[in-house]
Asks: 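Handing you this structure, nothing more for now.
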There are 2 protein chains.
Amino acid sequence: MSAATPSNHPPLLAEAPAGADTRTRIRHAAARLFARRGYAGTGLKQVATDAAAPFGSIYHFFPGGKDALAEDMIRTTGPQFMALVLGLLEERADPVEAVVHAFDSAAEELVADSYADGCPVATMALDVADTNEPLRRAAADVFAEWLDGGTAWFSRHVARDRARDLALAMIMLTEGAFLLGRTTRDPGPLRAAGRTMGTLVQSALDATPRGPRSR
Amino acid sequence: MSAATPSNHPPLLAEAPAGADTRTRIRHAAARLFARRGYAGTGLKQVATDAAAPFGSIYHFFPGGKDALAEDMIRTTGPQFMALVLGLLEERADPVEAVVHAFDSAAEELVADSYADGCPVATMALDVADTNEPLRRAAADVFAEWLDGGTAWFSRHVARDRARDLALAMIMLTEGAFLLGRTTRDPGPLRAAGRTMGTLVQSALDATPRGPRSR
DNA sequence: GTCTATAATACGATAGAC
DNA sequence: GTCTATCGTATTATAGAC
């Protein structure tokens, strides 16, 4: 029923659409660069170049400068990334198959884009965790939303406290798998993370003998 | 038997010893800054300042400049970090208790250092994965060593293919937990990762009815 | 070996013409 | 709103005195 689109994944970090306006082009270029090169490693000059926009336009649309652009990027790509994962989970009805499938799909995409794009907020989060409090909070808010959303999803199958731990494990395994996958240029970690999540979901299901929600 | 030292953890990213020579002071200062602020976010001038060393000494001891310093940092702190984790695992005889205890200890340390220090190579790895091939390879080598070491450790209790997946899960959960913990300023993810690893090890043990090694 | 001065370049940010 | 020129200030790296 819900297994609709097989794999027409949203671009997420793709270039801006053809006739996009300047502001949109800047946002897309910044998202790509921040995700791939980190906060300090991204220069606004290159953002303007990649966006085919004049340098001054960055400060016209984002008066807060680099920090405003970075916070906008974290708060927009964060929810998009969660929506993408939740969409993959919906492609399989069985929860064990769903998590395995989601990670397998992520593994395919990582290979497809030459190991360039993983989690759009992880690099930024580590870069700013100790140096930029507003950006750290933005990343923390994103992770908190992910945890809520993941807990809600797993709560359809297991008790809430177990669902929360499953959601946490899902986020941590995703982040760790992308870190290893991008660094070693190997989709294996993502697939292994899928197998691991399958085991964890199965264990939680086994410990939840009744119907979907126990309360 | 092996449960010797309770928690006298090595410093890892601490300042250089009192009478340390210039080269050692530079290495320690660079390790701290690279781990906390990332590759592009770390300036060699500040490395010299923190090391209480003249700026030119950096290029005297590390003719390769910033890249040489960074690669040295990755290849030295990487094995140190694995040794620290393996040491924590040795503090409990039962493998399930061992992984739970290791993550609980890591959670304590993260709080103790005000959420500053997590994995010393993760931030660097994400920063350079797409921009600096030699450093990316250095980080990949470190992760490969961790995987081998972790597989060997879990192979004492379960079959080798299961041990490898457990080691992968341990690395990924560790990285994900430090990412979430540092970003949200919460030791909860590390403790949750410990519970999750405990579940996984128990599942693997249940599937390995015979003695320690099945082959 | 230790330390300083400086070169060459890139950065974020701003001013101001159009 | 679009675009360019420029201001300070960082950066990495080097040259050279001591």
Side-chain angles (χ1 to χ4, degrees), chain A residues 16 18-74 123-124 127-128 130-136 138, chain B residues 16 18-74 123-124 127-128 130-136 138:
Chain A
D21 59 359
T22 304
R23 187 172 201 271
T24 302
R25 295 201 311 276
I26 290 174
R27 295 176 96 221
H28 281 242
R32 274 170 70 112
L33 288 170
F34 278 136
R36 296 183 179 179
R37 302 152 110 92
Y39 178 75
T42 295
L44 294 188
K45 225 155 216 169
Q46 192 159 15
V47 171
T49 301
D50 288 17
F55 182 77
S57 294
I58 293 178
Y59 285 88
H60 176 74
F61 292 108
F62 297 91
K66 191 180 193 179
D67 282 6
L69 200 52
E71 182 164 350
D72 176 86
M73 178 271 193
I74 292 172
T123 308
M124 295 285 283
D127 278 349
V128 304
D130 250 46
T131 58
N132 192 317
E133 184 64 10
L135 294 183
R136 194 217 105 227
Chain B
D21 60 358
T22 303
R23 187 171 202 273
T24 303
R25 296 200 310 276
I26 290 174
R27 295 176 96 221
H28 281 242
R32 275 170 69 112
L33 289 169
F34 278 137
R36 296 182 179 180
R37 301 152 109 92
Y39 178 75
T42 295
L44 294 189
K45 220 154 221 168
Q46 192 159 14
V47 171
T49 301
D50 288 17
F55 182 77
S57 294
I58 292 178
Y59 286 88
H60 176 74
F61 292 108
F62 298 90
K66 191 179 192 178
D67 282 7
L69 199 52
E71 182 164 351
D72 176 86
M73 178 272 192
I74 292 172
T123 307
M124 295 286 284
D127 277 349
V128 303
D130 250 48
T131 58
N132 192 316
E133 184 63 12
L135 294 183
R136 193 218 105 227

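First the proteins, then the strands, lettered A, B, ... as listed; each starts at 1.
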Asks: Partners of Thr131(B) by side chain to side chain contact (heavy atoms under 4.5 Å, CB included), sequence neighbours excluded?
Replies: Arg37(A), Val128(B)
Asks: Among residues at least two apart in sequence or on other chains, which ones pass side chain to side chain contact (heavy atoms under 4.5 Å, CB included) with Asp72(B)?
Replies: Arg27(B), Phe62(B), Thr76(B)
Asks: Contacts to DNA chain D from residues 20-28 of chain A, heavy-atom cutoff under 4.0 Å, which residues?
Replies: Thr22(A)
Asks: Pick out the pairs of N or O atoms, protein on one side and nucleotides 4-12 of chain C on the other, that lie under 3.5 Å.
Replies:
from, atom 1, to, atom 2, distance (Å)
dG12(C), OP1, Thr42(A), O, 3.1
dG12(C), OP1, Leu44(A), N, 3.3
dG12(C), OP1, Lys66(A), NZ, 3.1
dG12(C), OP2, Leu44(A), N, 2.7

Asks: For the residue pair Ala138(A) and Glu71(A), what are the closest heavy atoms and their distance?
Replies: CB-CG, 4.1 Å
Asks: Which is it for Phe34(A) and Leu69(A) under the side-chain contact (heavy atoms from CB on, under 4.5 Å) test, yes or no, and what are the steps along the way?
Replies: CA-CA 10 Å; Phe34(A) 278 136; Leu69(A) 200 52; 4.2 Å; yes
Asks: Which residues pass the side chain to side chain donor-acceptor pair (under 3.5 Å) test with Thr24(A), sequence neighbours left out?
Replies: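 So Thr24(A) forms a side chain to side chain donor-acceptor pair (under 3.5 Å) with Asp21(A).
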Asks: Restricting to side chain to side chain contact (heavy atoms under 4.5 Å, CB included), what partner residues turn up for Ala53(A), sequence neighbours left out?
Replies: Thr22(A), Arg25(A), Ile26(A), Ala51(A)
Asks: Of all residues at least two apart in sequence or in a different chain, which pass the side chain to side chain contact (heavy atoms under 4.5 Å, CB included) check with Asp50(B)?
Replies: Ala29(B), Leu33(B), Gln46(B)
Asks: At under 4.0 Å between heavy atoms, what does Phe61(B) touch on the DNA or RNA strands: base, sugar-phosphate, or nothing?
Replies: sugar-phosphate
Asks: Nucleotide range of DNA chain D contacted by chain B, 5' to 3', under 4.0 Å to a heavy atom?
Replies: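 In short, chain B contacts DNA chain D from dT11(D) to dT14(D).
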Asks: Return the CD to CG distance between Glu133(A) and Asp130(A), rounded to the nearest 0.5 Å.
Replies: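 It comes to 9.5 Å.
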Asks: For the residue pair Thr123(B) and Ala35(B), what are the closest heavy atoms and their distance?
Replies: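 Distance-wise, the nearest heavy atoms are OG1-O, 3.5 Å.
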Asks: Restricting to pairs with a member in residues 56-69 of chain B, which pass side-chain hydrogen bond (donor to acceptor under 3.5 Å, both in side chains), not counting sequence neighbours?
Replies: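 Pairs touching residues 56-69 of chain B that pass the test: Tyr39(B)-Asp67(B), Asp67(B)-Asn132(B).
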